[in-house]
Q: 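If you scroll down you'll find the structure; I have some questions about it.
Residue numbering restarts at 1 for every chain, and letters A, B, ... go by the order of the sequence lines. What's counted below: heavy atoms across the whole structure, side chains too, no hydrogens, waters or symmetry copies.
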Protein chains: 2
Amino acid sequence: MPNDLLIKNVLPRGHRRGDVLIMNSRIESIGAGLIAPPGIEVLDGTGKVLVPGFVDAHSHLDKSLLGMDWYHREPGRGLQRMVADERDLRRSPDWVYERQIGRNAEVMIGNGATHTRAFVDIDTDAGLRGLEAMIAVRERYAAALTMQIIAFPQSGVATRPGTEELLDAALGEGADIIGGIDPCMLERNPVKHLDLLFDLAVKHGAGVDVHLHEAGALGAFSAELIIERTRATGLAGKVVISHPDFLGGVDEVSARRLIDGMVEAGIAITTNAPSGDPKPPLRLARAAGLTIGSGCDGALDSWGPMNRSDMLFKGYQLAWRNGLSTDEELDTVYDLISVGGATIMNVADFGIAPGCSADLVLMPGQTPVEPIVALPVDRTVIKAGRIVARAGEYLG
Amino acid sequence: MPNDLLIKNVLPRGHRRGDVLIMNSRIESIGAGLIAPPGIEVLDGTGKVLVPGFVDAHSHLDKSLLGMDWYHREPGRGLQRMVADERDLRRSPDWVYERQIGRNAEVMIGNGATHTRAFVDIDTDAGLRGLEAMIAVRERYAAALTMQIIAFPQSGVATRPGTEELLDAALGEGADIIGGIDPCMLERNPVKHLDLLFDLAVKHGAGVDVHLHEAGALGAFSAELIIERTRATGLAGKVVISHPDFLGGVDEVSARRLIDGMVEAGIAITTNAPSGDPKPPLRLARAAGLTIGSGCDGALDSWGPMNRSDMLFKGYQLAWRNGLSTDEELDTVYDLISVGGATIMNVADFGIAPGCSADLVLMPGQTPVEPIVALPVDRTVIKAGRIVARAGEYLG
């Protein structure tokens, strides 16, 4: 059902204060003194700003413990142990995939996300149960949240027989993208790991999204392998490297070379505003024309409790960690938490301009950047012209 | 007026779930099935945790632009320019000291602070106007917020004639502590800067609190000068170094030596969870027995928009930046945002135990550490047994 809405006297990002008319789920016009067609719902935008809907370009909806009993994390766990702990958790009778994915989706929408790229673990324990729940949740919330699903072999694929076939099936059954992780460190065979992913991507016409936690020169090496395979397979525009903190762990000449290589190969990055150092050199990457998205990662999961499924909060952290504080700098945060992710998701009609889908967030603020520092609870989330959340609450 | 209160079925930090009886503004007893005296107000603590009131041990209440027009910060300002910009701002007719200090105090209390150490700028432009407003606000909010005032010569003292006399007068008129800043860099004469401060401290029986943004070896040198003067003047227990990020910028042997020197001299530190690196090595400092407090610094001021006057949020940032994620690690956050600051302020009756002043925050949570990651808006702030704020709103 197409939706109509008139937002009066609001300050949209990139425009002067005025009215925004939404007809048939799209922005019809932006200007002063627009006349409301009869019967149309009118929102008062006085004292408010209007920004594009947030894009959580790196989420793990199938990991969240939201609404469950507090999870006691043991000290000193390594990577393999944390992966195993998570598989164990999912065997417990308390774990219900669709409920948990849905809870995280509602929090995400409530906080302003209109789009997400969601990883879902695929392994020989869980099979495709996570994927099936993710697809069900995608359908349930389709009118509020556009979702791309990434089949993610977190437990490994080159070294775990049966996983490749599951990934193949996942891409046939509704996953849009094939995920990968730490090609060198997790399975100690980067060529086999990446070739498996890229072969599956080519077979299904899918994208690729690789978690790359590897540090410095090792991460740079894995990135080079990804760049080579992206060129060879013609997957420009469909490949993402997530968590590329290694770009801050190599010298600036190397970082420039890697970033230029990614730009030329048509590879984008997503960053989650790492809490430590090194972190990706965002100014350098922006200047080189690299497409940069961001995501909230796994929110309140067995790995750790600190991530929140709130892209505006993520924007605050990105600004804080990267020393952005002038108005001009803070405005670029919306490129990270919104526009960049939409580019990665190939959303054609994204933005605040006539013809764009009306995916928007209305918040109190004197300037569009004020919400990034004020983090208001008061957010009206609009998806295709319909109000889907108010003050953090998903409205159904 | 003494206050009574019974909180039923709550989980206090460091105790089993039970009841907390407050009589005559103090915690009377903690246990199961406590009987409410007739007429006493009863709070239901089901699903909630009780933690000690937050202590903002490093605030700048006289800098906040809360509630004012959005302040456009120009790019590329250096330290001297930012100090001058702030003096200019205070000459504008829009600036009203007492209003701004009061606004920040109310936000601080609403978010859970029951104590603060507040810097107030003393310079030859403003004279003692900021101090007088601060003292008025301290009196106005005395039933909700315990405040120590630090006379802060941000514009310099060794190189600005007239400032020393103003500081002397400030300590005579109600300031409790003398502040200092970057002894080497600001005035390029660290001995003169520090000797002035310590002489004034000795004269008035006041404490000393020095902002130390100087990096690495330079910060270490200034810290050594402060250690020497603390020993020489017998001011053990009354000296604080704020923002000691240099401790993360020297090798670990030097950091240990400096920390041991501070512990032996009776010097504490406050950290504001720096957004960049280096940051103070908190684990090392804790293990050495250093007293560590934290503060929100200037919240939404002309320097930058990112600080929030919310000690629980500060606790989240401290946990996130320092990689604290297990329950045991997260519990130490309360030492940073509460207990450590109370120790610095020499609050004798602080904590959750019979006999302590009932300065507490009641929040939803399954475990006392959950609010640090959930950052609930729902906070009931209790000062000396009286409810002074609910859901972020100061109640008067």
Q: Could you tell me which portion of Asn322(B) (side chain, backbone, both or neither) has an atom closer than 4.5 angstrom to a non-hydrogen atom of chain A?
A: neither

Q: If every non-hydrogen atom of Trp320(B) is compared with every non-hydrogen atom of Ser275(A), which pair is closest and at what distance?
A: O-CB, 3.1 Å

Q: Of the listed residues (Leu300(A), Leu324(A), Val373(A)), which shares the most heavy-atom pairs with chain B below a 4.5 Å separation?
A: Val373(A)

Q: Considering only heavy atoms, which portion of Glu74(A) lies under 4.5 Å from any heavy atom of chain B: side chain, backbone, both, or neither?
A: backbone

Q: Near Met68(B) CE, under 6.0 Å, is it more than 12 heavy atoms from other residues, nucleotides or ligands?
A: yes

Q: Count the heavy-atom pairs under 4.5 Å between each of Asn307(A), Leu375(A), Val369(A) and chain B, then report the option with the highest count.
A: Leu375(A)

Q: If I take atom CG from residue Asp277(A) and atom NZ from residue Lys279(B), how far apart are they, to the nearest 0.5 angstrom?
A: 7.5 Å

Q: Determine the minimum heavy-atom distance between Pro75(B) and Glu328(A), stating which atoms define it.
A: CG-OE1, 4.5 Å

Q: Would you name the heavy atoms of Met306(B) and Ala319(A) that are closest together and state the gap between them?
A: CE-CB, 3.7 Å

Q: Among Ala273(B), Gly323(B), Gly365(B), which residue has the highest count of heavy-atom pairs closer than 4.5 Å to chain A?
A: Ala273(B)

Q: So for Gln366(A), is it side chain, backbone, both, or neither that comes closer than 4.5 Å to the heavy atoms of chain B?
A: side chain

Q: Only one of Asp327(B), Ile372(B), Leu330(B) clears side-chain contact (heavy atoms from CB on, under 4.5 Å) with Pro305(A); which?
A: Leu330(B)

Q: Looking at Arg308(A), His72(A), Arg73(A), Glu370(A), which one has more heavy-atom pairs under 4.5 Å with chain B than the rest?
A: Arg308(A)

